[in-house]
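Data first, discussion second: the structure below is written as structure tokens.
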Amino acid sequence: MSFRVLVTDKISQEGLSPLAGESRLEVVQENDSTGAPFLAELTQAHGLLLRSATRVTEELLAGAPSLRVVGRAGVGVDNIDIEACTRRGVAVFNAPAGNTVSAAELAFALILASARRIAAADRSVRVGEWDRSRFKGTELRGKALGLVGAGRIGGEVARRARAFGMKLLIYDPYLTDERVRELGGERRELDDLLREADMVSLHVPLTESTRGLLDRHRLSLLKPSTHLVNASRGGVVDEEALAEALCEGRLAGAALDVYASEPLAEDSPLRSAPDLLLTPHLGASTLEAQERVASEVAQAVRAALLDGDLAGALNAPSVGGAVLRRLGPLLDLARRLGRLAVALAPGGISAVEVGYAGDADDALGVLPRHVLMGLLTPVLGRDQVNVVNAAVLAENRGISVSTRRLARRTLPGERVEVEVTTSGGPVSLDGALLGEHHPRLVGLDGYDVNVAPSGTLLVLRNRDVPGVIGRVGTLLGAAGLNIAEYHQARRSEGGDALAAVVLDGAFPGEVLEQLAELPEITDARVVELD
Ligand code: NAD
């Protein structure tokens with residue numbers, strides 16, 4: 001059988017080479033995806049390759065009855081209705097790594113340009129000035145570069161920083177100590193990194209935990225001699241607070257490639273802020289990156305059409321719908337345990353073991369992917385992780401995964417255990433599914449607990465002394481937080497104890513700080529499980 005692949009959005013021609021020279025593939029190019037020729041081609045297309053201009057909607061899919069695969073030459077898939085594709089059995093691929101080096105080089109260009117005030121100096125020469133003293137810069141050699149997020153792009157920036165003789169500070173709670181060492185960096189808590197670094201470069205995804213990460217307070221921790229670079233995602237930095245800090249001379253300089261809303265609003269305070277370099281989201285805009293992402297995704301489309309290989313797809317279900325329906329509540333519990341494990345992890349994760357006891361012989365084949373999905377979503381972002389790619393993503397991050405059949409318990413219900421190895425010590429979670437639909441968290445690091453793994457879960461470690469529950473309850477009550485369930489567990493009288501508290505509604509960050517300040521509390525963590 002032969003297949004037609006429709007290419008649109010001016011994709012790099014060189015990048016299409018994986019589709020060339022194959023008699024079973026016919027490639028058709030129509031750059032204008034609103035025109036009649038494109039829509040006519042669409043009716044016969046088996047594959048569709050695009051960038052960000054074409055929107056894959058329910059309506060477009062209705063006009064593409066033979067479509068089996070969509071390939072996005074780039075990372076973001078905001079222009080593709082993935083759920084609609086899944087409903088129609090269309091696999092979706094993207095190219096998550098093709099622009100890593102280009103993005104890292106742009107970040108480094110911004111670091112250098114900010115340190116040497118290159119854009120402002122250029123503007124000054126163009127208006128007839130020759131003012132060398134105003135543009136005195138700083139050397140990078142010997143300075144501390146603070147990397148917030150050190151995955152693919154942060155890692156490449158780290159290598160370049162080392163070549164410039166910089167010292168590396170890293171804040172990335174999800175990295176193992178081994179990876180931090182490999183990068184030649186020293187681990188820091190975020191606030192310490194911000195206080196210490198001479199240059200700060202952000203390389204995190206936009207997730208619940210990174211939105212507004214550099215807020216007004218955190219920006220105030222930076223030294224007045226520090227430069228800040230953001231080529232990751234808009235929304236990570238409070239733009240108004242940054243503009244104010246620059247206007248008031250509380251920062252030496254900053255450079256941004258990404259914005260909370262793009263294109264940047266005409267009246268954004270950033271446009272008039274001093275010592276600030278602005279570029280219009282150019283991280284992936286190089287010939288090489290465009291070619292590489294096109295080639296990566298063309299390769300994936302080719303393998304999907306010719307060999308049925310859906311391994312890297314963002315959406316294709318890994319097991320049949322009937323299995324998913326039967327195991328649904330168990331898989332949901334697995335995702336919640338994964339999410340809880342990453343919130344409780346005291347260091348970067350290097351191994352995950354998933355155990356199961358129950359009647360479903362096929363459960364252990366699918367449970368690990370769902371645990372990993374829960375575990376990686378807060379780390380990499382909701383749009384990057386799914387059931388199909390979770391195992392590959394874990395492998396890429398050096399996380400080993402194993403499974404174990406558990407001996408049947410005397411307790412009723414099916415059981416899922418998750419053991420996570422981290423550089424700061426292990427985390428172990430025990431979940432039970434009672435009846436068909438009642439998930440419970442029944443064990444946490446060897447403590448017997450019994451709470452629903454839903455809503456806002458607060459996990460406190462404390463010394464087993466009188467009055468703790470009262471003080472915690474008073475503090476939560478004063479903050480207007482309603483306790484749905486409170487389970488206090490201890491191993492021995494007067495020793496270490498643990499409380500699992502389920503709360504209604506969102507949890508304000510300052511309450512966690514107040515709890516951590518109570519003398520009996522040794523650790524306080526909170527996780528949103530819904
Ligand atoms: P990646 O997933 O390889 O790395 C992201 C890292 O951030 C991971 O190591 C993760 O552990 C870490 N992280 C997650 N949450 C964190 C938190 N709360 N605090 C600290 N670290 C946290 O991603 P990548 O490919 O390196 O991309 C990084 C960012 O760059 C993404 O936001 C991506 O969208 C963006 N990007 C921008 C451009 C551009 O044109 N400017 C181009 C490509 C990618």
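Note that the coordinates shown come from a computational prediction; the quantities given were computed from them, not determined experimentally. In each ligand, atom 1 is the first atom listed, and ligand 1 is the first ligand listed.
Annotation for ligand 1: atoms under 4.0 Å from non-hydrogen atoms of Ala284 are 40 (O). Here is the list of ligand 1 atoms found below 4.0 Å of a heavy atom in Ser209: 18 (N). Residue contact check: His203 has heavy atoms under 4.0 Å from atoms 5 (C), 6 (C), 7 (O), 28 (C) of ligand 1. Distances below 4.0 Å separate heavy atoms of Leu380 from the following atoms of ligand 1: 2 (O). Short contacts between ligand 1 and Gly283, defined as distances under 4.0 Å to a heavy atom of the residue, involve ligand atoms 39 (C), 40 (O), 41 (N). Atoms of ligand 1 lying under 4.0 Å from at least one heavy atom of Ala231, given by number and element, are 37 (C), 38 (C), 39 (C), 41 (N). Near Arg397, meaning under 4.0 Å from any of its heavy atoms, are these atoms of ligand 1: 8 (C), 9 (O), 10 (C), 11 (O). Interface of Pro173 with ligand 1, defined as ligand atoms under 4.0 Å from a residue heavy atom, comprises 19 (N), 20 (C), 21 (N).
At a heavy-atom distance under 4.0 Å, atoms from both the backbone and the side chain of Arg152 approach ligand 1.
Taking a 4.0 Å cut-off on heavy atoms, Thr210 registers as neighbouring ligand 1. Not a single heavy atom of Val75 sits closer than 4.0 Å to an atom of ligand 1.
Under a 3.5 Å cut-off, the side chain of Thr176 and the backbone N or O of Ser423 do not form any donor-acceptor pair. With hydrogens and angles disregarded, a donor-acceptor distance shorter than 3.5 Å links the side chain of Glu239 to the backbone of Ala260. Side chain of Arg152 to main chain of Ala97: no donor-acceptor pair is present (N/O by atom type, distance under 3.5 Å, no hydrogens or angles). Side-chain atoms of Arg302 come within 3.5 Å of backbone atoms of Pro18 as a donor-acceptor pair (strictly under, hydrogens ignored). Judged by distance alone, with hydrogens and angles left aside, the side-chain atoms of Thr377 form a donor-acceptor pair with the main-chain N or O of Met373 at under 3.5 Å.
Remark: minimum distance from atom 19 (N) of ligand 1 to any protein heavy atom is reached at Tyr171 CE2, 3.3 Å. Nearest non-hydrogen protein atom to atom 4 (O) of ligand 1 is Gly151 CA, 3.3 Å. Protein heavy atom in closest approach to atom 14 (C) of ligand 1: Val379 O, 2.9 Å. Of all protein heavy atoms, the one closest to atom 35 (C) of ligand 1 is Ser232 O, 3.3 Å. Looking from atom 7 (O) of ligand 1 to the surrounding protein, the closest heavy atom is Pro205 CD, 3.5 Å. With hydrogens left out, the protein atom closest to atom 16 (C) of ligand 1 is Tyr174 CE1, 3.6 Å, a heavy atom.
The side chain to side chain contact (heavy atoms under 4.5 Å, CB included) test with Gln29 is passed by exactly one of Val5, Leu16, Thr8: Leu16. Remark: of the listed residues Leu60, Ile80, Val7, Val92, Leu60 is the sole one forming a side chain to side chain contact (heavy atoms under 4.5 Å, CB included) with Leu48. Put simply, the residue from Val418, Val371, Asp332 that forms a side chain to side chain contact (heavy atoms under 4.5 Å, CB included) with Leu337 is Val418.
Residue Thr207 places no N or O, backbone or side chain, under 3.5 Å from any N or O of ligand 1. By the 3.5 Å distance cut-off applied to N or O atoms, Pro378 is not counted among the residues near ligand 1. Among the atoms of His281, some N or O lies under 3.5 angstrom from an N or O of ligand 1. Annotation: Ile153 places an N or O atom under 3.5 Å from an N or O atom of ligand 1; distance criterion only. Residue Ala103 has no N or O atom closer than 3.5 Å to an N or O atom of ligand 1. The shortest N or O to N or O distance between Asp172 and ligand 1 is under 3.5 Å. For ligand 1, the polar-atom distance check finds an N/O of Asp257 within less than 3.5 Å of one of the ligand's N/O atoms. Polar contact check, Arg233 against ligand 1: no nitrogen or oxygen pair lies under 3.5 Å apart. When only interatomic distances are considered, the shortest N/O to N/O separation between Leu282 and ligand 1 does not fall below 3.5 Å.
A salt bridge does not link Arg181 with Asp177: every distance from a Lys NZ or Arg NE/NH1/NH2 to an Asp or Glu carboxylate oxygen is 4.0 Å or more. A salt bridge links Asp445 to Arg461: one of the charged nitrogens lies within less than 4.0 Å of a carboxylate oxygen. In this structure, Asp172 does not pair ionically with Arg187, as no charged nitrogen and carboxylate oxygen lie closer than 4.0 Å.
The structure places CG of Leu214 at 9.5 Å from CG of Asp238, a figure rounded to the nearest 0.5 Å. For the atom pair OG1 (Thr210) and CG (Leu202), the distance works out to 9.5 Å, reported to the nearest 0.5 Å.
Screening residues 207-224 for salt bridge (charged side-chain N to carboxylate O under 4.0 Å, His left out) gives Asp191-Arg218, Asp198-Lys223, Glu208-Arg339, Glu208-Arg382, Arg216-Glu244 as the qualifying pairs, with residues at least two apart or on separate chains. Within the structure, salt bridge (charged side-chain N to carboxylate O under 4.0 Å, His left out) pairs that include any residue of residues 272-298 comprise Arg117-Asp275 (at least two apart or interchain).
Using a 3.5 Å distance cut-off with no hydrogens or angles, the side chains of Ser52 and Asn79 do not pair a donor with an acceptor.
Of the candidates Val258, Val204, Ile349, Asn99, the one placing a heavy atom closest to atom 31 (C) of ligand 1 is Val204.
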